[in-house]
Colleague: 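The structure follows.
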Amino acid sequence: MGRDALPAPAGPDPGRPDARAVFVTQWYVPGRAAGTRLLDELADRWRAAPPPDGLLSFHAYLSTDDDTVLVYVQARDPEAYRPFVRSLDGAARAEPVEYRPRRGVVLASSPRPPGSVVVASFDVDGAERQDRIIESVLGALDAAPADQHRGMLSAHFHASTDGSRVLNYARWTSDEAHEAFLAGATRRATLGATGATPGVRPIGFKRYHLHHALDLHPVLDPPLDRSSS
């Protein structure tokens, strides 16, 4: 497992059926100490003011290169997020990018929580390009032999509501497994799929480790229908 990877908690389930929206916020920090202070501040703000029922989970991460803090919030009711965070103080009020969960693939299971989360982003020209790049990358993953993405547990794609972004939230067993993937054929195939899609520009990726988790509500049963989102 990579440096400072936490054995627990497990982090969010990016495929949970009642998550109608995801809000992602990032901050750049000058180093690990500053990043840890910001993570603690954000988690303290959320714990001090219990979120409304429409919010499902809060998870906060520090990148493995210690320069980026990321918060990933799942919501059952997209309208519940902004009024809540505007009631908080400090950095917790920052404006997020709002996404809708789209498609995902589970490639492997593990008895242990993910040791690494890799978040890759794409700048895209509208909803049609969002759909096309998601299908292209998932197609490349589906076509790849299992030994070409060993250690990859899942990949879940999100499309921003303004049509300008696609985010891939991928769970890995370890940082080392992702590093090995970067040198392999499946990585080259996914890059090829991206390069062959006009109107899509990769922004890049970062590896993250989980530092704080608030699971606010259990998964609803039966799941909500996302088709109207």
Colleague: Atom CG of Asp77 and atom CG of Leu55: how far apart are they, to the nearest 0.5 Å?
Modeller: 8.0 Å

Colleague: Heavy atoms, side chains only, cut-off 4.5 Å: are Val119 and Val24 in contact?
Modeller: no

Colleague: Sequence neighbours excluded, which residues qualify as side-chain hydrogen bond (donor to acceptor under 3.5 Å, both in side chains) partners of Arg45?
Modeller: none

Colleague: Answer with yes or no whether the hydrophobic clustering places Val166 together with Val137; edges join I, L, V, M, F, W, Y residues whose side-chain heavy atoms lie under 4.5 Å apart.
Modeller: yes

Colleague: The criterion is salt bridge (Lys or Arg N to Asp or Glu O under 4.0 Å); which residues satisfy it with Asp131, sequence neighbours excluded?
Modeller: Arg102

Colleague: If you define the side chain from C-beta out and look only at heavy atoms, does anything of Val117 sit under 4.5 Å from Leu210?
Modeller: no

Colleague: Mind checking what makes ring pair (Phe, Tyr, Trp, His ring centres under 6.0 Å) contact with Tyr72, not counting sequence neighbours?
Modeller: His158, Tyr169

Colleague: Atom CG in Leu38, atom OG1 in Thr36: separation rounded to 0.5 Å?
Modeller: 9.5 Å

Colleague: Once side-chain hydrogen bond (donor to acceptor under 3.5 Å, both in side chains) is applied, do any residues pair with Asp13, and if so which ones, sequence neighbours excluded?
Modeller: none

Colleague: With a 4.5 Å cut-off on side-chain heavy atoms, are Val73 and Phe84 touching?
Modeller: no

Colleague: Any pair with a residue in residues 47-64 that passes salt bridge (Lys or Arg N to Asp or Glu O under 4.0 Å), sequence neighbours left out, goes on the list, sorted by first then second residue, please.
Modeller: none

Colleague: Looking at residues at least two apart in the chain, or sitting in another chain, which of them share a salt bridge (Lys or Arg N to Asp or Glu O under 4.0 Å) with Arg129?
Modeller: none

Colleague: Just verifying a value: how many Å separate Arg112 CZ and Leu153 CG, rounded to the nearest 0.5 Å?
Modeller: 11.5 Å

Colleague: Among pairs that include at least one residue of residues 153-173, which meet salt bridge (Lys or Arg N to Asp or Glu O under 4.0 Å), considering only residues two or more places apart or in two chains?
Modeller: Asp123-Arg165

Colleague: Are Leu70 and Leu62 joined in one hydrophobic group, where the rule is that I, L, V, M, F, W and Y side chains link up if heavy atoms are under 4.5 Å apart?
Modeller: no

Colleague: Starting from Val85, can I reach Tyr99 by hopping between I/L/V/M/F/W/Y residues whose side chains sit under 4.5 Å apart?
Modeller: no

Colleague: Taking atom CD of Glu179 and atom OG1 of Thr64, what is their separation to the nearest 0.5 Å?
Modeller: 8.0 Å

Colleague: Do Leu42 and Trp27 come within less than 4.5 Å of each other through their side chains, counting heavy atoms only?
Modeller: yes

Colleague: Is Val118 reachable from Phe122 through a run of I, L, V, M, F, W or Y residues, each pair having side-chain heavy atoms under 4.5 Å apart?
Modeller: yes

Colleague: Do Tyr208 and Thr68 come within less than 4.5 Å of each other through their side chains, counting heavy atoms only?
Modeller: yes

Colleague: If you take all heavy atoms of Ala75 and Leu56, which pair is closest and at what distance?
Modeller: C-CD1, 3.9 Å

Colleague: Kindly give the heavy-atom pair with the smallest separation between Ser116 and His209, and that separation in Å.
Modeller: CA-CD2, 4.3 Å

Colleague: Who passes side chain to side chain contact (heavy atoms under 4.5 Å, CB included) against Thr161, sequence neighbours left out?
Modeller: Glu98, Arg100

Colleague: How far apart are the closest heavy atoms of Pro52 and His217, and which atoms are they?
Modeller: O-NE2, 4.0 Å

Colleague: Has the side chain of Arg93 got a donor or acceptor atom that lies under 3.5 Å from a matching backbone atom of Arg86?
Modeller: yes

Colleague: Tell me whether Val69 shares a hydrophobic cluster with Ile203, the cluster being built from Ile, Leu, Val, Met, Phe, Trp, Tyr side chains joined at under 4.5 Å.
Modeller: no

Colleague: My understanding is that only residues two or more places apart in sequence, or in another chain, count here; which of them pass side-chain hydrogen bond (donor to acceptor under 3.5 Å, both in side chains) with Glu95?
Modeller: Arg82

Colleague: Who pairs with Glu41 by side-chain hydrogen bond (donor to acceptor under 3.5 Å, both in side chains), at least two apart in sequence or on another chain?
Modeller: none

Colleague: Would you check, one step at a time, whether the test side chain to side chain contact (heavy atoms under 4.5 Å, CB included) holds for His149 with Leu107?
Modeller: CA-CA 9 Å; His149 46 69; Leu107 299 168; 3.9 Å; yes

Colleague: Who are the ring pair (Phe, Tyr, Trp, His ring centres under 6.0 Å) partners of Phe58, not counting sequence neighbours?
Modeller: Trp46

Colleague: Minimum heavy-atom separation for Phe23 and Pro78, please, with both atom names.
Modeller: CZ-O, 3.5 Å

Colleague: Tell me, do Gln74 and Asp18 make a side-chain contact under 4.5 Å, heavy atoms counted?
Modeller: no

Colleague: Is there side-chain contact between Asp65 and Arg207, with at least one heavy-atom pair below 4.5 Å?
Modeller: no

Colleague: Determine whether the side chains of His211 and Asp40 contain a donor N or O and an acceptor N or O closer than 3.5 Å.
Modeller: no

Colleague: Working to the nearest 0.5 angstrom, can you tell me the gap between Ser57 OG and Asp215 CG?
Modeller: 6.0 Å

Colleague: Please round to the nearest 0.5 Å and tell me the distance separating atom CD of Glu128 and atom CD1 of Ile133.
Modeller: 11.0 Å

Colleague: Mind listing the closest non-hydrogen atom pair of Leu88 and Ala49 along with its distance?
Modeller: CD2-CB, 3.8 Å

Colleague: Apply side chain to side chain contact (heavy atoms under 4.5 Å, CB included) to Val106 and list each qualifying residue two or more places apart in sequence or on a separate chain.
Modeller: Ser154, His156

Colleague: Heavy atoms only: give me the nearest Lys206-Ser63 pair and the separation to one decimal.
Modeller: CD-CB, 4.1 Å

